[in-house]
Q: 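Quick one: the structure is below, questions incoming.
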Number of protein chains: 2
Amino acid sequence: MPDNPQNTDRPKGAIRQENERIILSAAEDVFSEEGFRGASVGMIAERAGVPKPNVYYYFGSKEELYKRVLEDICAAWLDSAGEFDDAADPKAALTAYVSAKMDLARARPKGSRVWATEMTRGAEHLSAYLRDAVDPWVKAREATLMRWINAGKMAAVDPRAYIFMIWATTQHYADFEAQITHLNGGKPLSDSDFAAKKASVIAMVLAAAGL
Amino acid sequence: MPDNPQNTDRPKGAIRQENERIILSAAEDVFSEEGFRGASVGMIAERAGVPKPNVYYYFGSKEELYKRVLEDICAAWLDSAGEFDDAADPKAALTAYVSAKMDLARARPKGSRVWATEMTRGAEHLSAYLRDAVDPWVKAREATLMRWINAGKMAAVDPRAYIFMIWATTQHYADFEAQITHLNGGKPLSDSDFAAKKASVIAMVLAAAGL
DNA sequence: AGCAATCCTGACCGATGTGTCACTTTTCTG
DNA sequence: CAGAAAAGTGACACATCGGTCAGGATTGCT
């Protein structure tokens, strides 16, 4: 095996692409359960069905693998964040955003949990992203919410507290999936159960802002 | 040192009580950051300022220590749960409950994060507690909310989704403290900042239920 | 087919983790 | 004060971890 610490500079072949995908998926699983420090590369390799040195072949280190997983999650977060279109009216914009967030929670619960575990460790690996992407996004939406409030289009809420409520409530369905399942007689929410909860969340979030 | 696997059967002395308190507190810190598997007894011992074998002297194993930490957190959870008094009217009862939950999030953020990390691992260590304490509590409060809804005292919401919203929104201030701090210019919320957010959360949760 | 590049993997290394234990020191009690 | 109980702790055994590497196998290209 050639000495090449810059694994990411290698040309992409079909095998590489497939194996990276498999390993990243397994890593997301294991990191979501045990966090960065609690997850072992051995567990990830086993989950992915590859030998452990292969994980190092494709990713230079546990940390590099973790960063790649986080990047992917951040991209998904940004995707849903784009649904908060501030040219629309409050009800339409918030409905779309909460809807997208609920869909993301449903489609990517483990990603959400990786994000959550990184938060509990102080979010060191997310600090640049929070500063460069999340913070500006929050400030822009605060401004939008204030504009709507001042135009009398929605009730006067603390914009930031409102945004936190949206995040918390939607991500709860991913992050606390185990609790929700336990409280649902040990069964995960079915698609129709989830759709009903989604509708309820949208309604409540809108009502919280007088919409 | 005598061979006594039943450490918890020993009479409690002042030194023991103090050292257990210190170790439990340190354990809560470390478990909240790295979760069960990622936390090491060595880290906990260092955080507590005691030699590692002393941690084993007072607690039989890492797992026993973890269970003790969780028990303490569950007791706090039950404390705040008692504030949801179903003899009161909806507004008073919900205000009291959300207030208590916000206070708990503020006073015990690390406990909340231990709870959250145990959730991300599937909540195995909490399954009995969820079944025996949380599930009955949720069912009783669902019934209460339905009674209020049917009496026309509050808007028709999905009771369970509403309870999840309360949990999510209040615990968010603990679980995502790192994010909130990052988004607050790197400074933790001051007491007055937090009080304002608390008031906003209470208002929004009430509004979500038409109160 | 030959060769280069890529991929795979058993064995290995030093570091770190859980837990133990013999022994020492300190505290408590009669 | 003496002895028992409680508390403290350096050293240790074994397991697991992050990461490495030589060499074999497979793939891709001319």
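Quick note on labels: first sequence line is chain A, next is B, and so on, each numbered from 1.
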Q: Quick one: Y56(A) OH to dT6(C) C1', roughly how many Å, whole number?
A: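 That distance rounds to 20 Å.
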Q: With the side chain of I15(A) defined as its heavy atoms from C-beta on, choose the nearest nucleotide among dA7(D), dC7(C), dG17(C).
A: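 The answer is dC7(C).
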Q: Indicate whether OP1 or OP2 belonging to dG17(C) is found under 4.0 Å from a side-chain N or O atom of R37(B).
A: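 For dG17(C), neither OP1 nor OP2 has a side-chain N or O of R37(B) closer than 4.0 Å.
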Q: Measure distances between side-chain N and O atoms of K62(B) and base N and O atoms of dG17(C), and say whether any donor-acceptor pair falls under 3.5 Å.
A: no
Q: Could you check how far CG of N54(A) sits from P of dT20(D), rounded to whole Å?
A: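 Answer to the nearest Å: 14 Å.
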Q: Ignoring the backbone of Y57(B), work out which of dT20(C), dA6(D), dC8(C) is nearest its side chain.
A: dA6(D)
Q: What is the distance from CD of E20(B) to P of dG8(D), rounded to the nearest Å?
A: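 After rounding, the reported distance stands at 11 Å.
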Q: Can a side-chain donor-acceptor contact be found between K198(B) and S99(B) if the only test is distance below 3.5 angstrom?
A: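 Yes, a side-chain donor-acceptor pair sits under 3.5 Å.
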Q: With a 3.5 Å cut-off and no angle check, do the side chains of Y129(B) and E71(B) form a donor-acceptor pair?
A: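 Absent: no donor and acceptor within the cut-off.
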Q: Nearest of dT9(D), dG19(C), dG19(D) to any side-chain atom of S61(A)?
A: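 The listed nucleotide nearest to S61(A)'s side chain is dG19(D).
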Q: Given atom NZ of K52(A) and atom C1' of dC7(C), what is their separation to the nearest angstrom?
A: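 Roughly 18 Å, once rounded to whole Å.
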Q: Nearest of dT20(C), dC8(C), dG17(C) to any side-chain atom of N19(A)?
A: dC8(C)
Q: Flag the pair R147(B) and E142(B) as a salt bridge only when some basic side-chain nitrogen lies within less than 4.0 angstrom of an acidic carboxylate oxygen.
A: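 Result for this pair is no, no salt bridge flagged.
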Q: Taking NZ, NE, NH1 and NH2 as the nitrogens, is one of them in E20(A) or R16(A) under 4.0 Å from a carboxylate oxygen of the other?
A: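 Salt bridge flag = yes for R16(A) with E20(A).
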Q: Nearest heavy atom decides the nucleotide; on that basis, is A39(B) or P51(A) closer to the 5' end of DNA chain C?
A: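 On the 5' side of the pair lies P51(A).
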Q: Taking the side chain of V41(A) as its heavy atoms from C-beta onward, which of dG8(D), dC8(C), dG18(D) lies nearest to it?
A: dG18(D)
Q: May I ask you to evaluate whether R16(B) reaches the phosphate of dA6(D), defined as a side-chain N or O under 4.0 Å from OP1 or OP2?
A: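 Indeed not, no polar side-chain atom of R16(B) lies that close.
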Q: dC8(C), OP1 or OP2 - any side-chain N/O from Y58(A) closer than 4.0 Å?
A: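 So the side-chain polar atoms of Y58(A) do come within 4.0 Å of the phosphate oxygens OP1 or OP2 of dC8(C), strictly under.
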